[in-house]
Amino acid sequence: MSTEFIIAAIVTIVGLTTPILLAALGELVVEKAGVLNLGVEGMMLMGAICGFGVTVSTFNPWLGILGAAAGGALSSMLFAVLVLELNSNQVATGLALTIFGTGLSSLIGLSYTGFIAPVFGSVFPASLANDAYLKVIFGYSPIVYFALIMVPVVAWFLKSTRSGMILRAVGENDLSAHSIGYSVKGVRYAAIAFGGAMAGIGGAYFSMVITPMWAEKMTAGRGWIALALVVFAGWRAGRLLVGAYFFGILMALELYAKASGFSFLPSQFWAAMPYLMTVIALSVISMRDRSGGNAPACLGKPFLPST
Amino acid sequence: MGTEATARLELKSITKRFPGVLANDQVSFSVQPGEIHALLGENGAGKSTLVKMIYGIMQPDGGEIRWNGERIVVAHPKAARKLGIGMVFQHFSLFEAMTVLENIALGMDAKIPARELEARIKEVMTQYGLKLEPHRIVSTLSVGERQRIEIVRALLLNPKLLIMDEPTSVLTPQEVEQLFVVLRQLASEGCSILYISHKLHEIKALCHTATILRGGKLVDTCNPSVETSRSMAEKMIGGNLKTIEKAEGRTVGREKLIVNRLNMPARSHFGVSLKDITFTVREGEIFGIAGVAGNGQNALLLALSGETLTDDPGAITVDGAQLGRLTAKQRRLAGVSSVPEERNGHAAVPEFTLADNSVLTARDRLGMVKGGLIDHKAARTYAGEVISTFAVKALGPGSTAGSLSGGNLQKYIMGREIMQNPAVLVVSQPTWGVDAGAAAAIHQALVDLAAAGSAIVVISQDLDELLSLCDTLAVINEGRLSPSMKVADADIEEIGLLMGGVHGDPAATANLHPEPVHAHQA
Ligand SMILES: Nc1ncnc2c1ncn2[C@@H]1O[C@H](COP(=O)(O)OP(=O)(O)OP(=O)(O)O)[C@@H](O)[C@H]1O
Ligand SMILES: [Mg+2]
């Protein structure tokens, strides 16, 4: 195997991993606060279209990223209001958010079909970013570095900050947190908004970096992988990174199989691989640890304090 | 200002209504600085509700709260803490997956660096003799240890008013004595204490004044030091207190439950393993297991109930049938029922109705499932019978378990098992948090069940309870069970030594001497 091939493979894998890593980090924080938001896919699509729209209109990809975060966060607020104020079922509401986000992004996207945005690529000097070898370090969109930085940031926030501790407390025992005097709803709104923003940025990676155009449903189910990844990683940010790269490698194998006409197994098999692995990983984990291990105790349950 | 000092806390006509119940009806009283004030009442009398309003968890529907003479609205527990009101909850407000240190930090409003907080916790712990390991995960702790977290958490705030909702129901006698030393010290420093407990002898020993609630109304105020436990209990229930009636000349029958060299490895790093537990309970016998919390009582209950299985099928036999490898469901069918100490979430599902909770343990024995479908009518009827037989204060079989007051839920759970007429009943802390009247009713029901021929195992930290209830007694220490002794000729001194372990800390048994040692008092 040549060095060029390895470098190309790494660049591909990083590109495939980044969106799921971002979305999963967001969902991790949401779930740690005790909320199960299955609307990741919808929020990613909302982020993808908003990021793309803002970039095309302003020619500024940095504003585009802000737009993507805002798009994801705003759509998540719809979920938040239903779930936190009206105590609607979180699973059903999350699924509805995915359907809603898919539809609304397609609708907004109608006016952007055919547009091409400037690729939000590396911001390092071309001598570094395009160097045959150094591009393995410098050749990525700022979103990639952001995602990687967010892994220790989220881990540190949850483990070592007071706010992170309160967030975990709310996810662990909402009634106790309430009786001590923390605002369960406030914490959950903030967590859901953060999850939405991260999913939005993850979605924008498709429309601003991978293919700088808009296409319906372009996130292709990666939101579901992100959801599974959170469970797979046992609600730990560090393992989330490992898991995300594991899925990234599986997805890269699919591309490789397709491109090289690799005949050992049909490429559809490789395409199905990440999803299959998701199912297997989830079953293995639930068999190994019936109590759910590190899962937040209040995950998915409505908060009903007595007044 | 008049000659009378301003009260630290004054309640005027506080009223609180829940759907279907008037939990507090025009309650007025006041607490002076440095006063230890008891709040007494039966289960469901409205004590917890009242203090929750003082601490800002709930808002009263009517009336006013005055703090140092000023009318205030406690909108929020944070506001209460700011005023200097601390509270130890009846049902723990702890976060199980988090460490002791984190749990305490969550109860502090000021941001304190972890290391400094740890130092302060250590200081409070040594000052008041409360032992805790700051880095342990709460889910690995015993109930008594969990309670200590709450107490340390409240003490760290230097409160002006400390509310304690049944703080001692799960403490060992020695811990109780230590707590009282702390509370007296706090009171002498001017801190007011509002103290809720069903243990009337504690109230007599500790409190200056007692306010008695019945059905949400204030019915009496008295001086506990001139009352007797019995007279206070009778004020609470508004009638006469029954004493346990044991039939004369009762004899025990054949050997029923035989536990032979039961071994069980610890479930977690901090758990206690069971070592060669051996005892026999006969028909009609009530067998007590005494011991300081965290010495393997939980593991023993789980091993007997079938939640954890033994490798040796013959380690547990009932009427000769080997049960060691049978699951909880199979054991129930074989006539072994059990009641764990934790009511919410272990003995009952708080979100389920009482009827549904009865299905959980009675479905097989009482045929509540037909062709895979739940017979709701049978469940409701049975739940209704338990409610009326055990005088459970609940709206009906349709009430959720979580809406019952602590003692009422305990009565319901005990009733649910007793009315299935189990051949063997294993109960842990049967009267934890239960009022005097209800405790007497539960004790009587256990005695009656034994009289009908069942073998009963009672695991309790309350030595008085075991001595009055049981025929035979053994002490568990570090997962080992002492030889059994007849209660009639048991030696308190010896039980105390066994509770502390042969090589144990002699201070742990000091509480059992007639005069408690006040090591910390100046
Ligand atoms: N959140 C709630 N919703 C409805 N009813 C409630 C609620 N909390 C308490 N109650 C009812 O209010 C009454 C008073 O309950 P409370 O918990 O104050 O009793 P308590 O005196 O503390 O009893 P215990 O000694 O058993 O702890 C009970 O009838 C109880 O069922
Ligand atoms: Mg109470």
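Per chain, numbering begins at 1; letters A, B, ... match sequence-line order.
- The shortest heavy-atom contact between A:Met165 and B:Met98 is O-CE, 3.4 Å.
- If you measure heavy-atom distances from A:Ala297 to chain B, you find no contacts under 4.5 Å at all.
- Taking every heavy atom of both residues into account, B:Leu106 and A:Ala169 meet most closely at CD1-CB, 3.5 Å.
- Here the side chains of A:Ile180 and B:Phe95 are in contact, with some heavy-atom distance below 4.5 Å.
- More than 12 heavy atoms of other residues, nucleotides or ligands sit less than 6.0 Å from atom NZ of B:Lys393.
- For the pair B:Ala105 and A:Arg162, the tightest heavy-atom approach, listed with the atom from each and the gap, is O-NH1, 3.0 Å.
- In this structure a side-chain-to-backbone donor-acceptor pair under 3.5 Å is present from A:Asn173 to B:Leu94.
- Contact record, B:Pro77 with A:His178: CG-O, 4.2 Å, taken as the closest heavy-atom pair.
- Interatomic distance, NZ of A:Lys301 versus CD of B:Glu351, reported as 6.0 Å (0.5 Å rounding).
- Shown here is A:Phe157, whose CZ atom has more than 12 heavy atoms of other residues, nucleotides or ligands within 6.0 Å.
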